[in-house]
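Notes for the one structure printed next.
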Number of protein chains: 2
Amino acid sequence: MKNIKMKIARIERDMKQEDLAQVVGVTRQTIGLIEAGKYNPSLKLCIAICKALGKTLDELFWEETP
Amino acid sequence: MKNIKMKIARIERDMKQEDLAQVVGVTRQTIGLIEAGKYNPSLKLCIAICKALGKTLDELFWEETP
DNA sequence: AGTTCATGCAATATATATTTTACATAATGT
DNA sequence: ACATTATGTAAAATATATATTGCATGAACT
């Protein structure tokens, strides 16, 4: 599923996909694919994204689907 | 780094590494390596582990290292 | 209309997570 | 002493995340 929360957090910080990619040390495509929900990033990358966007794992990557 | 929080959560539930592995659909070795901090699981696997142990991502995988 | 900017989206290549199999060890019970 | 149980660990094989390159598109601007 698409990660809309991550996209919103990025836009709140006025960052392009490419900006975020550069900060966390991956390519623009990787960020785009994660936001599009096309895969399944590593924990390390998730944490790097959270720190770059000033959020926690739960805030960006946790879904309350019982 | 070792994931001691995950190990504690597993033991609180009285599960062996193998039990947890079976619930989340990976091998015992994968669980052991994650607890040992020898790698870097995927987000999907982290979420499966959290749900199996009744915890959230922040509770098991977030480190407050400023 | 043309140009730049941000993003979407493929194909192939590379790095790495995960599996499989197997053996070692420490702890516990008989 | 022996067997069993839970875990650590390692090598090779496989699956998949990520990089790289390149092209397409829609929005905003001149």
Side-chain angles (χ1 to χ4, degrees):
Chain A
M1 54 215 151
K2 292 178 62 171
N3 192 331
I4 192 72
K5 292 188 283 186
M6 174 174 154
K7 184 169 191 169
I8 290 174
R10 173 174 62 80
I11 292 177
E12 280 176 353
R13 294 240 157 183
D14 195 26
M15 298 175 86
K16 304 160 206 161
Q17 288 185 347
E18 193 164 0
D19 297 329
L20 178 57
Q22 204 165 353
V23 171
V24 305
V26 295
T27 60
R28 173 179 72 80
Q29 283 76 355
T30 299
I31 299 297
L33 287 168
I34 293 170
E35 286 186 357
K38 298 267 175 85
Y39 56 60
N40 195 15
S42 68
L43 175 61
K44 202 164 119 188
L45 178 51
C46 290
I47 290 175
I49 290 171
C50 286
K51 293 191 171 171
L53 297 178
K55 302 283 184 180
T56 71
L57 286 169
D58 283 358
E59 288 171 329
L60 294 190
F61 296 103
W62 186 252
E63 298 286 340
E64 284 299 348
T65 51
Chain B
M1 53 215 151
K2 291 177 63 170
N3 192 332
I4 191 72
K5 292 188 284 187
M6 175 174 153
K7 185 169 191 169
I8 290 174
R10 173 174 61 81
I11 292 178
E12 280 176 352
R13 295 239 157 183
D14 194 27
M15 297 175 87
K16 305 160 204 160
Q17 288 185 347
E18 194 165 358
D19 296 331
L20 178 56
Q22 204 165 353
V23 171
V24 304
V26 296
T27 59
R28 174 179 71 79
Q29 283 76 353
T30 299
I31 299 297
L33 288 168
I34 294 169
E35 286 185 359
K38 298 266 173 85
Y39 55 60
N40 198 14
S42 69
L43 175 62
K44 202 165 120 187
L45 177 51
C46 290
I47 291 175
I49 290 171
C50 286
K51 293 191 171 171
L53 297 178
K55 302 282 184 181
T56 71
L57 285 169
D58 283 358
E59 289 172 327
L60 294 190
F61 296 103
W62 186 252
E63 300 284 342
E64 284 298 350
T65 52

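Convention: sequence-line order gives letters A, B, ...; per-chain numbering from 1. For the numbers below, each heavy atom of this structure counts, side chains included, while hydrogens, waters and symmetry mates do not.
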Position toward the 5' end of DNA chain C (nearest nucleotide), A:Met15 or B:Thr30
A:Met15
Atom pairs and distances, side-chain donor-acceptor, residues 21-31 of chain B, under 3.5 Å, sequence neighbours left out:
{"unit_1": "B:Thr27", "atom_1": "OG1", "unit_2": "B:Thr30", "atom_2": "OG1", "d": "3.2"}

For A:Thr27, report the nucleic acid contact type (base, sugar-phosphate, nothing); a contact means any heavy atom under 4.0 Å.
base
Can you list the residues that meet the side chain to side chain donor-acceptor pair (under 3.5 Å) rule with B:Thr56, with sequence neighbours excluded?
A:Asp58
Quick one: pull up OG in B:Ser42 and CD1 in B:Ile47 and give me the separation to the nearest 0.5 Å.
8.5 Å
Rounded to whole Å, the NZ-C1' distance (A:Lys16 to D:dA28) equals 14 Å
Tell me which of B:Ile11 and B:Ser42 sits closer to the 5' end of DNA chain D, going by the nucleotide each one is nearest to.
B:Ile11
List, one per line, each side-chain donor-acceptor pair under 3.5 Å for residues 4-15 of chain B, sequence neighbours excluded.
{"unit_1": "B:Lys5", "atom_1": "NZ", "unit_2": "B:Trp62", "atom_2": "O", "d": "2.8"}
{"unit_1": "B:Arg10", "atom_1": "NE", "unit_2": "B:Glu35", "atom_2": "OE2", "d": "2.6"}
{"unit_1": "B:Arg10", "atom_1": "NH1", "unit_2": "B:Met15", "atom_2": "O", "d": "2.9"}
{"unit_1": "B:Arg10", "atom_1": "NH2", "unit_2": "B:Glu35", "atom_2": "OE1", "d": "3.1"}
{"unit_1": "B:Arg10", "atom_1": "NH2", "unit_2": "B:Glu35", "atom_2": "OE2", "d": "3.4"}
{"unit_1": "B:Arg13", "atom_1": "NE", "unit_2": "B:Leu53", "atom_2": "O", "d": "3.4"}

Can you tell me how far C1' of C:dG8 sits from CD1 of A:Ile31, to the nearest Å?
15 Å
When clusters are formed from ILVMFWY side-chain contacts under 4.5 Å, directly or step by step, what else is grouped with A:Met1?
none
Please list each protein N or O that sits under 3.5 Å from an N or O in nucleotides 13-16 of chain C, with the distance.
none

Show me the pairs that pass salt bridge (Lys or Arg N to Asp or Glu O under 4.0 Å) and involve residues 17-27 of chain B, at least two apart or across chains.
none
Could you go over nucleotides 22-24 of chain C and give all protein N or O partners under 3.5 Å, atom names and distances?
{"unit_1": "C:dA22", "atom_1": "N6", "unit_2": "B:Gln29", "atom_2": "NE2", "d": "3.0"}

What parts of residues 17-26 of chain B reach DNA chain D, counting only heavy atoms under 4.0 Å away?
B:Gln17
Taking the nucleotide of DNA chain D with the nearest heavy atom to each, does B:Glu35 or A:Lys38 sit closer to the 5' end?
B:Glu35
Hey, are the side chains of A:Cys46 and A:Leu57 touching, using non-hydrogen atoms and a 4.5 Å cut-off?
yes
For B:Leu33, answer base if it contacts any base atom (sugar-phosphate contacts may also be present), sugar-phosphate if it contacts only those atoms, and nothing otherwise; contact means non-hydrogen atoms under 4.0 Å.
nothing
Just by modelled atom types, is the A:Leu60 backbone N or O under 3.5 Å from a matching donor or acceptor in the A:Asn3 side chain?
yes
Taking the side chain as every heavy atom from C-beta outward, state whether A:Ile34 and A:Ile49 have any atom pair closer than 4.5 Å.
yes
Sorted by chain and residue number, the side chain to side chain contact (heavy atoms under 4.5 Å, CB included) partners of B:Leu33 (sequence neighbours excluded) come out as B:Lys38, B:Tyr39
A:Arg10 side chain near C:dT7 phosphate (N/O to OP1/OP2, under 4.0 Å)
yes
D:dT9 C1' sits how many Å from B:Ile34 CD1, rounded?
16 Å
Roughly how bent is the helix from C:dA1-D:dT30 to C:dT30-D:dA1 end to end, in steps of 10 degrees, with each end axis from five pairs?
40°
For nucleotides 26-29 of chain C, print each protein N/O atom paired with a nucleotide N/O atom at under 3.5 Å, atom names and distance only.
none

